[in-house]
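Worksheet for the structure shown next.
Computed from a prediction, not measured in an experiment: that's the story for all the values here.
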Amino acid sequence: MTWDPLQREILEALGHTVYRATAPAPAALPDDALLHALLRAAGRDADAADAAALCRQWMPTARLRDPAAKRALWPTLRALRASTPSR
């Protein structure tokens, strides 16, 4: 639970210890070889900060198994790869 500043101040005034929680871990990617291959084509690793968001914005993997759908996705992948900072 996250406390707002006023609630923290009141709890501390009452003598309670207010602990800060760490940020939740990013959502794990599904173990789908096609998604991992698309991330590599986009110049991203599976643990990249935007990997989960990219996978969510792409069409479902069942549709990506269609060659025409994959060809339509290539311009997006190329643009992502071009925007990836050099390693």
Side-chain angles (χ1 to χ4, degrees):
M1 170 167 229
T2 304
W3 302 103
D4 67 36
L6 176 63
Q7 289 172 324
R8 282 194 300 269
E9 183 180 334
I10 292 170
L11 287 169
E12 289 170 353
L14 290 171
H16 296 286
T17 303
V18 180
Y19 296 100
R20 296 193 189 272
T22 58
L29 293 177
D31 192 22
D32 188 337
L34 181 57
L35 280 179
H36 290 282
L38 288 171
L39 284 171
R40 282 192 307 274
R44 303 295 199 280
D45 292 326
D47 59 347
D50 62 346
L54 286 172
C55 289
R56 279 192 302 272
Q57 81 182 32
W58 291 330
M59 60 191 81
T61 55
R63 184 160 173 239
L64 285 174
R65 298 195 193 290
D66 174 38
K70 277 195 254 187
R71 280 193 301 275
L73 185 60
W74 273 107
T76 303
L77 295 175
R78 281 190 210 107
L80 286 167
R81 190 179 212 47
S83 68
T84 303
S86 298
R87 294 179 189 186

Nearest 0.5 Å please: distance from the CG atom of L80 over to the CZ atom of R44.
-> 5.0 Å
For the atom pair CD (E9) and CG (L14), what is the distance rounded to the nearest 0.5 Å?
-> 11.0 Å
Can you list the residues that meet the salt bridge (Lys or Arg N to Asp or Glu O under 4.0 Å) rule with D47, with sequence neighbours excluded?
-> none
Could I get the full list of salt bridge (Lys or Arg N to Asp or Glu O under 4.0 Å) partners for D66, not counting sequence neighbours?
-> none
Heavy atoms of L39 and A46 approach each other most closely as CD1-CA, 4.1 Å
How far apart are the closest heavy atoms of R81 and R40, and which atoms are they?
-> NH1-O, 3.0 Å
Could I get the full list of side chain to side chain contact (heavy atoms under 4.5 Å, CB included) partners for [X], not counting sequence neighbours?
X: L34; answer: D32, L38, T61, L64, R65
X: D4; answer: L6, Q7
X: R63; answer: M59, A69

T76 meets the side chain to side chain donor-acceptor pair (under 3.5 Å) criterion, sequence neighbours left out, with none
